[in-house]
Amino acid sequence: MMMRTELTGLAGVVERNVYLVKRYAWWEVAFFVYTVASSYTIVLIAKGIQTTGGRLDVNRVTTILLIGAVVWAYLSSIFEVLTDTVAWERWEGTIEYTFMAPLARSVHLLGMGVFAIAYGLLRAALLFAVMAFSFRLAMPNANFLGAFAVVAIASVSFIGIGMMTAVLPLISPEKGTQLGFMAQGLLLAVSGVYYDVAVLPAPLRAVARFSPATYTLDGIRSSIIGGTGVGGLWHDLWPLVVIGAVSIPLGLWVFHQGEVHAKRHGKLKRSG
Amino acid sequence: MSPLPVAAPMTVPVQDRAMPAIQAIDLRKEFRRRERVGRRFETTRSVALAPTTFRVERGECVAILGQNGSGKSTLVRLLSTLLLPDGGTARVFGHDIRTDARAVRRLVNRVSVEASFFKKLSAFENLSYAARFYGIRPADSRVRIPEIVERLSFPADRLREPMEHLSRGMQQKIALARALLTAPVVLLLDEPTTGLDPRSKLEVQALVTDMQEQHDATVLLCTHDLAEAEELARRVGILHRGELIALEAAAGLKLRYGAATLEEAFFAATGGRLEDEADREADEGGESP
């Protein structure tokens, strides 16, 4: 009975977000076009270098950049949805009603996470298809099952980190969302989204070890470019499993601390 | 008048049905602000709710009167578990608002002066997902939502329209429907009829009475509207600058302050007029959190 109530609540969170996507459908199209445009500028870099006289395997480098752009878009979608847990609700004024509902916070955040994964995967798959088609990329060895396994396991870690950034607008209604972008930027810098982490300075390489995006990108590139199957991806998968196992409880704890802070200081309300 | 088709109450962890619906003992809340004074930061404290003790019996309607910034909303938000108290305790049917917040949330719902919704979503969509947060399955809410809104005289053909297309009064009816849908045992109403036209106001007031009489709901009504308080509440409290200075039947209040009307009693108790308080708040830069 209790479990059914919790699942009903979780489905309510997903239901609400589906409604919002439907109601803002044209905005979704506009943002997708923006994502395609920004990914395009990055993926074109390989061809650009070739035209200036550089010698490189254009197909391979383009694929490396494309994977970086798509994973980055996926990560951004997850962070964006989870940050909306607080930011959008505060703007609409519904935050008080959501936070006074008898919905376990873990279930609430998990519901946001489930939706974020579904939404992010759909968007990332579309982006990958559009870009791969535009550049006529050849991926003769691609092992999509391996890539999917990496994304599936990495998503747990991304949600855990997303929970930590989701609480920022609760602590600072004015600047919290921007702080979330800062955390995203840090991941972008250290995780080898558009380059190998080997080129990073030693201190950043050390930080890269703790970023789930590092292993995600490495695993997906191995699968898509090298054709590595799930069995050969263990060196990327086990760190993702460990980071995921730590980041979810840590994310819930951080969010709880932020919620307590907001309730103590009267910040859990519509106007901040 | 047909009975209100609200949901059957959830399996409510009411510990003892004879215990008070709400019991607050020395409940207090203050807000701290850090302000720059010269080169230093100083913390200033403002008391939103001074130590407050009161109880509300099961099925009772208690009105709390007070000007803006008097602490009414702070009290409601404390009981809604949206604020943590700085001292004292409050219990809802025996469940502590601090240590047993989830149980409290199952028992309580709230309608505030702002009908807050996702404005692009329709009334139905807003109600449907909100019901799920209280464990109500879609199959049930699909039946109950049209019944409740009909009882609220809300036109069923507008249920699928975005909230932003609805008038303030209609939005407030949906806010009330959201609360009724979850069959709250304790209903916290924070100026629920402010800004409504006279007809809508009467309809909302009739519903509050229905909730009490037919569903044994306990109502804490915070309002500026003295006539509404006198009409609906068995007892009336006066909250003034964070202090609960009186809580008794309207007749008793009038007697105590030697007043012919509740309005006169209120002014005698608070030593001022509503307009004076509005001016004071404007000078202080608005309402406290």
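A, B, ... follow the sequence lines: proteins, then strands. Residue 1 opens every chain.
Of the two parts of A:Val14, neither the backbone nor the side chain holds a non-hydrogen atom closer than 4.5 Å to a non-hydrogen atom of chain B. Heavy-atom distances place both the backbone and the side chain of A:Leu20 under 4.5 Å from chain B. Proximity to chain B (any heavy atom under 4.5 Å) is shown, for A:Val260, by both the backbone and the side chain. Using a 4.5 Å cut-off between heavy atoms, A:Arg23 touches chain B through its side chain atoms alone. For B:Asn109, the parts sitting under 4.5 Å from any heavy atom of chain A are the backbone and the side chain alike.
When each of B:Glu114, B:Arg178, B:Arg32 is checked for heavy-atom pairs under 4.5 Å with chain A, B:Arg178 comes out on top. When the candidates B:Ala101, B:Ala179, B:Ser112 are compared by the number of heavy-atom contacts under 4.5 Å with chain A, B:Ser112 comes out ahead. When each of B:Ser128, B:Ala130, B:Ala115, B:Pro138 is checked for heavy-atom pairs under 4.5 Å with chain A, B:Ser128 comes out on top. Comparing B:Val108, B:Asn126, B:Leu121, B:Asp86 by heavy-atom pairs within less than 4.5 Å of chain A, the highest count is held by B:Leu121. Between chain A and the residues B:Lys29, B:Lys120, B:Glu125, the most heavy-atom pairs under 4.5 angstrom are made by B:Glu125. For the set A:Ala101, A:Gly9, A:Gly111, the count of heavy-atom pairs under 4.5 angstrom toward chain B peaks at A:Ala101.
Residues A:Ile161 and A:Phe79 form a side-chain contact, since some pair of their non-hydrogen atoms from C-beta on lies under 4.5 Å apart.
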Anything under 3.5 Å between a donor and an acceptor, one on a side chain of residues 147-160 of chain A, the other on a protein residue two or more places apart or in another chain? List them.
residue, atom, partner, partner atom, Å
A:Ser155, OG, A:Tyr74, OH, 2.5
A:Ser155, OG, A:Val151, O, 2.6
A:Ser157, OG, A:Leu240, O, 3.4
A:Ser157, OG, A:Gly244, N, 3.3

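Heavy atoms of other residues, nucleotides or ligands lying less than 6.0 angstrom from CZ of A:Phe31 number 12 at most.
Taking CG of B:Leu79 as the start and CZ of B:Arg91 as the end, the distance is 13.0 Å to the nearest 0.5 Å.
A cation-pi arrangement is found for B:Arg110 relative to A:Tyr97, the charged atom lying closer than 6.0 Å to the ring centre and inside a 45° cone about the ring normal.
Under the 6.0 Å cut-off for aromatic ring centres, A:Phe128 and A:Trp72 do not qualify, their centroids lying 6.0 Å or more apart.
Note: B:Phe118 and B:Tyr129 have perpendicular aromatic rings, judged against thresholds of 30 and 60 degrees for the angle between ring planes.
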Practice prompt. Please assess A:Glu92 against B:Phe117 for the test side-chain contact (heavy atoms from CB on, under 4.5 Å), listing each intermediate value before the final yes or no.
Written response: CA-CA 6 Å; A:Glu92 292 275 22; B:Phe117 291 100; over 6 Å; no

